[in-house]
Amino acid sequence: MLSHLLNSEVHQNVLLAIAGLWAMLGLATAITAGITRGSATKSHRELRLRVRSWWVILLLFSASLVASRLLAMAFFTTISFMALREYFSLVPSRRADRRVLFWAYLAIPLQFYWIYTDWYGMFIVFIPVYVFLFLPARMVTIGEVQGFTSAAGTLHWGLMTTVFSLGHLAYLLVLPPPQADGAGGAGLVLFLVVLTELNDVFQYVWGKSFGRHKIIPKVSPNKTVEGFVGGLLTTTLLAAALAPWLTPITFPMSLGVGALIGSVGFIGDVVISALKRDIGVKDSGSLIPGHGGILDRIDSLTYTAPIFFHFVRYFYY
Amino acid sequence: MGAPVRLLIFPFRVLLFVAVIRPFLAIVLGLQARGRELLPVAGPAIVVANHNSHLDTAVLMSLFPVSLLGRIRPVAAADYFLSNPVLSWFSRHIVGIIPVQRRRAEGSAEDPLAPISESLRQGNIVLFFPEGTRGEPEVMVDFKKGIAKLAERHPEVPIVPVFLHGLGKSLPRGEAIFVPFLSHAVIGESVRFGVAAEGGQEAFLQRLREEITRLAESLKVAAWL
């Protein structure tokens, strides 16, 4: 029974890296517990919630990496579904498009089925071509023309971000052929997710410590040039350290891929910020206590996943 | 239906809520409740909410602990829910509705609210949609007089206002296809007719409506275009 749920070919480096993440979060938990002990201020409560949610995220993420392919796909399908639902609940939508949204949701299981079966050709055209052409056709049969253009654009942008882009993360799992160099698909996913999330943290910490010059004040007033550059450099160095261990990427290409993840991760972050600012919300939702919504957590990944995927696919597979 | 049969059916209701309805609401609709601690922990009590979807009743019932499930009685339109035998059986015995005639027959002296009063006297928690209909999705219309009359008759019974959002988008009236949207339930402080009695029924309706509107404003939600 257990053998059906687990992936029998998890590389030992992946297991070591997961153990490292658990140790890091354990340390972070001990530190925050020390700082916030006995305190009931709002920001400290928020911090404790945030750490608790990180445990849940790490538990689910670790499970998805050692799980069988089917189980891992179910996990990533659920993330895409929750992200798209959050997006549809956030942006203005037309009552007339209810049934169009139904078809948009239906694209999720199909897209992840293409991924599961490693059907690259279909994976790469399904949403950008077929769904892109089909949804406006369905909208036309309903016949509501008022607000048609923005509705069609809103719908497709949501699908591209939460299903197509994010789907690349799941495709990393099945990308490397058996016996290829590196630590398998799970190694690629781990490398990408750890660097993307830590890049957010590095940029935040550098910005808090040395931030002077605002980088993009109209969209994200707290982001600074110093934070961006410091984060980028740290991520680049970390990528060079982790790449030989989890991926087939060697030095000096690993520096390039680190810089790529650091910079496009920043763009993903501010793009979702722009969406939230447009709608007038601080967080995209409240599904993850202490973090906000799903989109708040995966914002950078919507950019780093497709960019990293096509980088490794072009150069290594 | 006698007590022994009810005893047989009750486990099905519990199973339906624990194994089907709650997981569905949590996973598919991402239901989030705010102010759950303000819900009544014992009857008699009335819970009132805006009404946009058949899912509303399921959401309100799922907010309560399983131990109270046998005490929860949603008020529902007899003309709709008793219209066919299967729906009628399910509504009365599994959901546990109190069927109410929305339109009184010409010249009938029957009091449509009497079964609700009786249920409150038995110590039940009654769920009531004062709009009287699901109406247009995500639009709250004027409240019918029924809730004010009921409140005046039971001035000491706490009336808990709840604002529901998202369900009218997910499954509005007249739509057979379900489309997931994030859903919210915001629970407010209870009001009693006894306390708000000055101004009578009109003022009470006004107050209740304002309460639910205030709960709605505490939630930032995207409207239909």
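Sequence lines set the chain letters: A, B, ... in the order given, protein chains first and strands last, and positions in each chain run from 1.
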Contact part of Ile279(A) toward chain B, heavy-atom cut-off under 4.5 Å: side chain, backbone, both or neither? backbone
Toward chain B, the part of Phe102(A) with a non-hydrogen atom under 4.5 Å: both
Backbone N/O of Glu197(A) and side chain of Asp200(A): donor-acceptor pair under 3.5 Å: no
Is there side-chain contact between Asn222(A) and Tyr204(A), with at least one heavy-atom pair below 4.5 Å? no
Please check: side-chain N/O of Ser165(A) versus main-chain N/O of Thr162(A), any donor-acceptor pairing under 3.5 Å? no
Is a side-chain N or O of Gln101(B) found less than 3.5 angstrom from the main chain of Pro112(B), in a donor-acceptor match? no
With a 4.5 angstrom heavy-atom cut-off, could you sort out which part of Ser286(A) is near chain B: side chain, backbone, both or neither? both
Given Val281(A), Thr78(A), Leu287(A), the one with more heavy-atom pairs under 4.5 angstrom with chain B than any other is Leu287(A)
